[in-house]
Number of protein chains: 2
Amino acid sequence: MTATSPKRVTISDVARRAGVSPSAVSHAFNGRPNVSETTAARIRAAADELNWRPNYASRKVSGQGGRSLGLVIARSRDTFGRDPFFMRLLAGLTEPLADLGWSLSLTLVQADEEEQVYRQWWGEQRVDAFLLVDVRHDDPRLPLVEQLGAPAVLLGAPVDDAVPAVTVADESAFATVLEHLGGLGHRRVARVTDAPGLAHTRARDQRFSHAGAQQGIATSFAAWDPTADDPVAELLARLGGVTAIVVDSESIAAQIVAHAPEVGVQVPAQLSVVAWEDSWVSSLVRPRLTALDAPVEESARTAVALLERLVRGEAAESQTVSGRRLVVRDSTAPAPRSPSQHHRDPDRDSEEAP
Amino acid sequence: MTATSPKRVTISDVARRAGVSPSAVSHAFNGRPNVSETTAARIRAAADELNWRPNYASRKVSGQGGRSLGLVIARSRDTFGRDPFFMRLLAGLTEPLADLGWSLSLTLVQADEEEQVYRQWWGEQRVDAFLLVDVRHDDPRLPLVEQLGAPAVLLGAPVDDAVPAVTVADESAFATVLEHLGGLGHRRVARVTDAPGLAHTRARDQRFSHAGAQQGIATSFAAWDPTADDPVAELLARLGGVTAIVVDSESIAAQIVAHAPEVGVQVPAQLSVVAWEDSWVSSLVRPRLTALDAPVEESARTAVALLERLVRGEAAESQTVSGRRLVVRDSTAPAPRSPSQHHRDPDRDSEEAP
DNA sequence: TTGTAGGCGTTATCAC
DNA sequence: GTGATAACGCCTACAA
C-alpha cells in the first residue's frame with residue numbers, strides 16, 4: 001500500500017529510514033569497504049522495505065556507466081523474422097547480460113539509417129557498447145565505432161584489429177561436410193549463398209573450394225535469388241550436374257527441401273541438401289535437414305564477456321568458439337547413380353572456384 | 001579524426017561553439033519557442049559538427065524521462081525460439097518505437113525471477129513502461145505494475161481495468177474457421193491448446209464452443225503434451241472421431257502436419273489442421289498450413305501508442321485491433337467420408353470455401 | 001566508520 | 001529572445 005506514485009523514493013529516503021547519510025547508502029550498495037557490515041545490513045533492509053534501487057540514469061550521469069548493450073539489426077522485418085538464428089542469438093545474449101546486470105537494447109533499421117542509429121544511441125549514451133552482426137565487406141560500422149570510441153564486438157570473422165570478433169571455428173566444417181557427402185558418393189557439390197556482401201562469405205567460399213580440392217570433389221557456387229518468381233525452381237535449374245548443395249542459410253535450405261519435390265527434384269534421392277546453421281526448423285521440414293549446428297549461445301556468452309571487458313577499459317582479444325558440428329538427418333543420401341540432372345539442360349551459370 | 005575519446009562533448013561545448021548559453025541549446029533541441037530560428041539553426045549546426053546529442057541519462061535525471069520500453073519474456077530459450085510470433089512482435093515493435101525515439105529493452109527470464117526483474121528495471125528506472133505478453137490467469141504482474149505505478153499495456157484479452165489491453169478481435173474468428181471446416185463437411189472439430197494457464201485460453205475455449213454450437217459442429221478440447229515421447233502421436237491417438245483440429249500455436253500445428261503422416265495420419269485427407277497465428281513457417285511445411293493470421297504489427301503499433309500516452313500521464317483505454325483473417329492453404333480439405341479416424345481413401349486436393 | 005561538498009549533463013524557472 | 005541558476009539522484013573525494 002506504500003503509494004509510490006506521488007514521489008519516487010530516493011537514496012535520501014533510504015538513508016533517513018536507515019538512520020545514516022546518503023553516501024553511506026551509496027557506499028553500501030557499491031560494495032565499498034567504508035561501511036560496517038551491521039549498518040550495511042540495516043541499509044539494505046531499509047532499501048528493501050522502500051523497494052529502492054539505485055537510479056540507473058543517475059549513476060550513469062555520475063560516471064558509473066556501462067550497463068546496456070545495443071544491438072542494431074539492419075534487416076527487413078521479413079528477413080529478420082524468418083531467420084531462426086536471431087531467436088537463438090537473442091535468447092543466448094539475454095542470460096549472460098542478466099548475470100552482469102546489463103540490458104539489451106534492440107532495434108531493426110533500414111540499411112540507410114543504420115549509421116545514424118549507432119550515432120544516436122551512442123551520442124545519447126543510451127547504450128554503452130555495441131554488438132555487430134551481419135558484418136559486411138568494408139562495413140562502415142567498423143570505422144564508425146572506432147571514431148565514436150564505442151566499445152564493440154562483432155560476430156563473425158575478424159575484420160579489423162580495433163574491433164574484436166567472436167568467431168565460430170569453421171576451418172574443418174566444410175571438410176566435415178564434404179567428407180560426409182563424399183562418403184555418400186557425391187562428386188560435384190555446390191555452395192549456395194544469399195547475401196554476397198557479408199564479410200564471412202569470401203572466407204567461407206575459399207574454405208569450401210579448398211576442402212573440395214583436398215577431397216577430390218568438384219565445387220561450385222550458386223547464388224540464391226529471392227527476387228525470382230520461384231527462387232527454388234530457378235536455383236535448381238541452374239545447378240548443372242551437382243548432386244549436393246550446402247546452403248548458407250537454414251531458412252533457404254528449408255524452403256528448398258520443402259519445395260524441390262514440387263518442381264520435380266527429389267530430396268535426397270536426386271539432390272542432397274546440407275544447411276549451414278541449425279535450429280528447430282531443420283527438424284520441422286521433411287525431409288529433416290542435415291545441418292551444421294553452431295554454438296550460438298556460447299558465441300553470445302563470449303561476446304558479452306568481451307564487451308564487458310572493453311567497457312571496463314581492458315583490452316579484449318578476438319576469440320574463437322568451437323563446437324560446430326554436423327547433425328546428419330534425412331536430407332542427405334547417397335548420390336544418384338546417373339549424374340544427369342533434373343529435367344533441365346546443363347547450365348554454365350555456376351562459376352568455378354576462385 | 002576528431003578524437004572524442006578523452007572527454008565526451010557536452011551541451012556546454014555546443015553552446016560555446018554556437019556562441020550561446022547552454023540553456024539556449026537545450027531550448028533549441030526541445031522545440032521551445034524561446035529561441036529564434038536563426039540561432040536555432042546555428043545551434044543545430046554546432047551540434048552536428050560536434051556530433052552531439054542530448055545525453056539520455058542526464059535528461060532522465062532532470063525529469064525528461066520516458067524513452068524506454070521493457071519487454072520481459074518468461075519463457076525458456078526453447079519455447080521462445082520456436083515461436084515465430086515473437087519475431088513478428090519484436091520486428092513490429094521496433095518501428096513505432098523508433099518513430100517515438102524510444103528503445104526496447106528485452107530480456108528472457110525464468111518464471112520465478114519474473115517479478116524480480118520487473119521490480120529491478122522499474123526501480124532502477126531503466127525502463128519507463130512495460131509491455132506484458134503471455135498474460136496468465138491471475139497474473140501477478142498486473143497487481144505488481146499497479147503497485148509500482150509503472151505504465152503498462154498487455155497484449156491479449158483485457159484482464160484488469162488498470163492495465164489497458166490491446167486485443168485482436170477474435171469474436172468471429174472461430175465462426176469463420178468452423179464455417180470453413182463445416183463447408184468441407186467436418187462435423188467434429190477439436191481445439192488443441194498447449195498453455196492452459198494463459199488468460200486468453202478460457203475466453204477462446206468459450207468462443208470455440210459457442211461457435212460450434214451455432215453451426216451444429218461438435219466441439220471438443222485436447223491438450224498438447226510436450227512431455228510425451230511423441231507428442232504428435234500421443235495427441236492424434238486421443239482425438240477420437242474428430243476430423244479437424246484448430247491448434248492454438250502455429251509451431252505445434254506445423255509439427256503436427258509434418259509428423260502426422262509418419263504416424264499413419266494423412267493431412268488433410270484424414271485430418272484437417274488449422275493454425276491459430278500465421279507466419280512464414282505455415283507456408284514452409286507441407287502441406288502448407290491453413291492459418292488464422294493476426295495483425296501482430298498493428299497490435300504492436302497500437303500498444304506503443306497506448307504506452308506513449310500512459311507515460312505522458314494521459315489515460316489510455318483498451319483497444320481492439322481487427323484484421324484476423326483465415327488464410328486457406330493445403331492443410332484443410334473435405335472431411336473423410338467415414339468418420340472412423342485414420343485410414344481412408346485417397347487424397348483430394350485442397351479447396352476453400354468462403 | 002560516517003558525513004559533507006562538489007560535480008555529472010540536462011532541463012525548468014525566471015529574471016533580463 | 002536569451003542566459004544565469006537551481007534542481008534531478010547519485011557517486012566520489014575528502015574531511016570529521
Side-chain angles (χ1 to χ4, degrees), chain A residues 4 6-44 46-47 50-67 101 120-126 128, chain B residues 4 6-44 46-47 50-68 101 120 122-126 128 312-313:
Chain A
T4 47
K7 200 110 182 71
R8 296 188 81 139
V9 27
T10 76
I11 198 171
S12 314
D13 300 324
V14 178
R16 204 170 310 128
R17 196 176 226 287
V20 296
S21 77
S23 48
V25 179
S26 177
H27 290 159
F29 264 78
N30 293 46
R32 302 303 194 67
N34 309 339
V35 63
S36 73
E37 182 46 46
T38 52
T39 41
R42 190 151 37 92
I43 289 170
R44 278 194 299 271
L50 262 38
N51 217 319
W52 175 87
R53 277 174 188 73
N55 181 311
Y56 174 74
S58 296
R59 53 190 326 186
K60 279 207 69 166
V61 169
S62 60
Q64 192 89 170
R67 303 224 153 306
Q120 183 182 334
W121 281 15
W122 181 253
E124 292 179 340
Q125 302 199 39
R126 200 186 268 276
D128 308 288
Chain B
T4 46
K7 201 108 183 71
R8 297 188 80 139
V9 28
T10 76
I11 198 171
S12 314
D13 300 325
V14 178
R16 204 171 310 126
R17 197 176 225 288
V20 297
S21 78
S23 38
V25 178
S26 177
H27 290 158
F29 264 77
N30 291 43
R32 302 305 190 67
N34 308 340
V35 63
S36 71
E37 181 46 46
T38 53
T39 41
R42 190 151 37 91
I43 289 170
R44 278 195 299 271
L50 263 38
N51 216 318
W52 174 88
R53 278 173 187 74
N55 182 313
Y56 174 74
S58 296
R59 47 190 333 186
K60 278 207 71 164
V61 169
S62 64
Q64 191 88 172
R67 303 223 152 310
S68 173
Q120 183 181 333
W122 181 252
E124 291 180 342
Q125 300 198 41
R126 200 185 268 277
D128 308 288
R312 285 210 325 263

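These numbers were taken from a predicted model, which means no experiment stands behind them. Letters go in sequence order (proteins before strands), and every chain restarts at 1.
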Under the side-chain hydrogen bond (donor to acceptor under 3.5 Å, both in side chains) test, which residues partner [X], sequence neighbours left out?
X	result
Arg59(A)	none
Ser62(B)	none
Ser23(B)	Ser21(B)

Taking atom [atom2] of [N] as reference, at what distance in whole Å does atom [atom1] of [X] sit?
X	N	atom1	atom2	answer
Lys60(A)	dT10(C)	NZ	P	12 Å
His27(A)	dT4(C)	NE2	C1'	11 Å
Glu124(B)	dC11(D)	CD	P	11 Å
Tyr56(A)	dC10(D)	OH	P	15 Å
Asn30(A)	dG9(D)	CG	C1'	13 Å
Arg126(A)	dT10(C)	CZ	P	14 Å

Choosing from [options], which nucleotide comes nearest the side chain of [X]?
X	options	value
Ser23(B)	dG3(D), dC10(D), dT12(D)	dG3(D)
Asn55(A)	dG9(D), dG9(C), dG3(D)	dG9(D)
Ile11(A)	dT2(D), dT2(C), dC10(D)	dC10(D)
Ser21(A)	dG9(C), dC8(C), dT4(C)	dT4(C)

### Task
Map Ala24(B) and Pro54(A) onto DNA chain D by nearest heavy atom, then report which one ends up closer to the 5' terminus.
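Its nearest nucleotide lies further toward 5', so the answer is Ala24(B).
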### Query
Counting just side-chain N and O atoms, does Ser62(A) come under 4.0 Å of either OP1 or OP2 of dC11(D)?
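Negative; the distance criterion is not met.
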#### Entry: dC10(D) phosphate, OP1 or OP2, under 4.0 Å from Ser58(A) side-chain N/O
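Looking at the OP1 and OP2 atoms of dC10(D), neither is under 4.0 Å from any side-chain N or O of Ser58(A).
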### Message
Going by the rule side-chain contact (heavy atoms from CB on, under 4.5 Å), which residues pair with Arg53(B) if we only count those two or more places apart in sequence or in a different chain?
### Response
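Here the qualifying residues are Gln116(A), Arg119(A), Gln120(A), Glu124(A), Asn51(B).
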### Task
Could you tell me whether Thr10(B) contacts a base, only the sugar-phosphate backbone, or nothing, with contacts defined as non-hydrogen atoms closer than 4.0 Å?
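Sugar-phosphate, backbone atoms only, no base.
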### Query
Where do Phe29(A) and Ile43(A) come nearest, in terms of heavy atoms and distance?
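Heavy-atom minimum between the residues: CE1-CG2, 4.3 Å.
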### Message
Would you compute the distance between atom CG of Asp128(B) and atom CZ of Arg312(B) and round it to the nearest 0.5 angstrom?
### Response
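Going from CG on Asp128(B) over to CZ on Arg312(B), the span is 14.0 Å.
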### Message
With the threshold set at under 4.0 Å for non-hydrogen atoms, list the residues of residues 12-20 of chain B touching DNA chain D in residue-number order.
### Response
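Heavy-atom cutoff 4.0 Å gives Val20(B).
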### Query
Arg17(B): what forms a salt bridge (Lys or Arg N to Asp or Glu O under 4.0 Å) with it, not counting sequence neighbours?
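For Arg17(B), the residues satisfying salt bridge (Lys or Arg N to Asp or Glu O under 4.0 Å) (neighbours in sequence not counted) are Glu49(B).
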